[in-house]
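This report refers to the structure that appears directly beneath it.
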Amino acid sequence: MAEVKKGALKNLTVSGLAAWIEGKESLFGPLVKIQVAEDGTVGTFDDAKAPPAKAPTVTLDPAGTAVCQASQTKVCAGEAYISSVRQKVLICR
Amino acid sequence: MIELGCAAARIRAGLGRGLLLVALASLGACAAFQGQPDPVISRAAASDPSGYSLQRALGPLNMTVLGVYHSPDNDDRCVTLGATETRCGLDQEQYRNYVIGAYLAAANDRYGEFTRRLRLQSRGSSVALDIGALGLSTGASLAGERTANVLAAIAAALGGTRATLEREVYFDRTVPALIGAMEAARTRLRAVILAGLRKPVNEYSLEAAWTDVQAYEAAATLDNAVQAITNDAANRVADANAFAQSVGTYTGAPETGVAEIRRRMTDRLTRLRTASDTATLKQIATGLSLQAPAGADADALYRLIRDKLETDDTLAGTRNFARIVGIDPGGN
């Protein structure tokens, strides 16, 4: 797996982060990991795979117990800056 | 009145001298840090010619220990602590494990004492200085003028010493980290030794084990701990820099519709790469005002173009890229 790391600004909203992920996936393949760094959110993408056809969804998951909807599959869970606040998120597709 | 004044002065001077003594006694408690545990084998014990002891035999791995180790297995004479040059019926492996086990136990004991003392010293130094400074200042206020000047001068000097010792306070705070670093190094080496002691002597001889236990004992020094922490910090900085470099710039979300066009562009570029169509990829790169490196293969050209496509998050800009890549930009 060839990995590519990309950074998102801290001030993105939930929908903004979802759009950012989709924008990067369309060039760098599916998201595999999301984490926070000093300057913002960092997404890791699997460069060896084709961009996913479906857009991802981002859900705030402060308790770490959220699950994807029945029609979705889990992409990954991690931490991200949402409106400049560090939060736990669940990414589904 | 004069007599009363003299008596008061004598009492004041006495109190000043008393406090000075307390202050100096307190400062005497500011012992220097010891950088490592006491050695298992002291130089004196190792060179003491009187009588045989395991401790003495273990000093420099001398010919007595090696001679015993290499003595025949069937020589089971065993003269107790007085003098023995046989393994008392132990085979080489048992003897090796006995010697190394005894040394490890002694090293652990010294290390335990060392860390206990380290913790106590780190807590004691600052307190002693506080008491010392307080004693001198108070003594100066109670003593006669000449003595007071001397005490005040010492207290002032102590103020400078305090700055030095404040550095020790920082050291106090790092003591747990230093002990942690020593523990980590010791645990690694102990695992090597214990794994070795399960091997036969032709794979892990007493000499090899001896080298490892000496390294184990040497691992417990503040110098090594500081070095390990410094290296660890340097590695973390390097990792952080590498991470930051790999992420590059932080961007916002693209405009609506950009991702869909990018997917189709990526699909076309991937097909060209798979087909090794460098001519078309070069043409696209040129259309995007990119300078393709000489001899760039299809994969390098693909990545060059893809990185360019990432630079514009606007729908208009992405549509323009799409035309150059050779796909329908839509929206017309």
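Note on naming: letters A, B, ... go to the chains in the order of the sequence lines (proteins, then strands), and numbering restarts at 1 for each one.
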Which atom names give the shortest non-hydrogen contact between B/P254 and A/G23, and what distance separates them? CG-CA, 3.9 Å
Under the salt bridge (charged side-chain N to carboxylate O under 4.0 Å, His left out) definition, can you give me all pairs with a residue in residues 178-199 of chain B, not counting sequence neighbours? none
Out of A/A53, A/A50, A/G43, which one racks up the most heavy-atom pairs below 4.5 Å with chain B? A/A53
Using disulfide (SG to SG under 2.5 Å) as the criterion, list what pairs up with A/C92, not counting sequence neighbours. A/C68
Non-hydrogen atoms of B/A253 and A/G16 that approach each other most closely: CB-O, 3.3 Å
Under 4.5 Å from any heavy atom of chain B, what part of A/L12 do you find: side chain, backbone, both or neither? side chain
When you scan chain B against chain A, which donor-acceptor pairs turn up at less than 3.5 Å?
residue : atom : partner : partner atom : Å
B/T251  : N    : A/G7    : O            : 3.0
B/T251  : O    : A/L9    : N            : 2.9
B/T251  : OG1  : A/W20   : NE1          : 3.1
B/R262  : NH1  : A/G23   : O            : 3.2
B/R263  : NH1  : A/P52   : O            : 3.4
B/R263  : NH2  : A/E22   : OE2          : 3.0
B/T266  : OG1  : A/S26   : O            : 2.6
B/R303  : NH1  : A/D47   : OD2          : 2.6
B/R303  : NH2  : A/D47   : OD2          : 3.3
B/R306  : NH1  : A/D47   : OD1          : 2.4
B/E310  : OE1  : A/K6    : NZ           : 3.1
B/E310  : OE2  : A/K6    : NZ           : 3.4
B/E310  : OE2  : A/K24   : NZ           : 2.8

Chain A contact via B/V258 - side chain, backbone, both or neither, heavy atoms under 4.5 Å: neither
By residue number, those in residues 279-290 of chain B with heavy atoms under 4.5 Å from heavy atoms of chain A are none
Return the option, out of A/V4, A/V42, A/L9, with the maximum number of heavy-atom pairs under 4.5 Å with chain B. A/L9
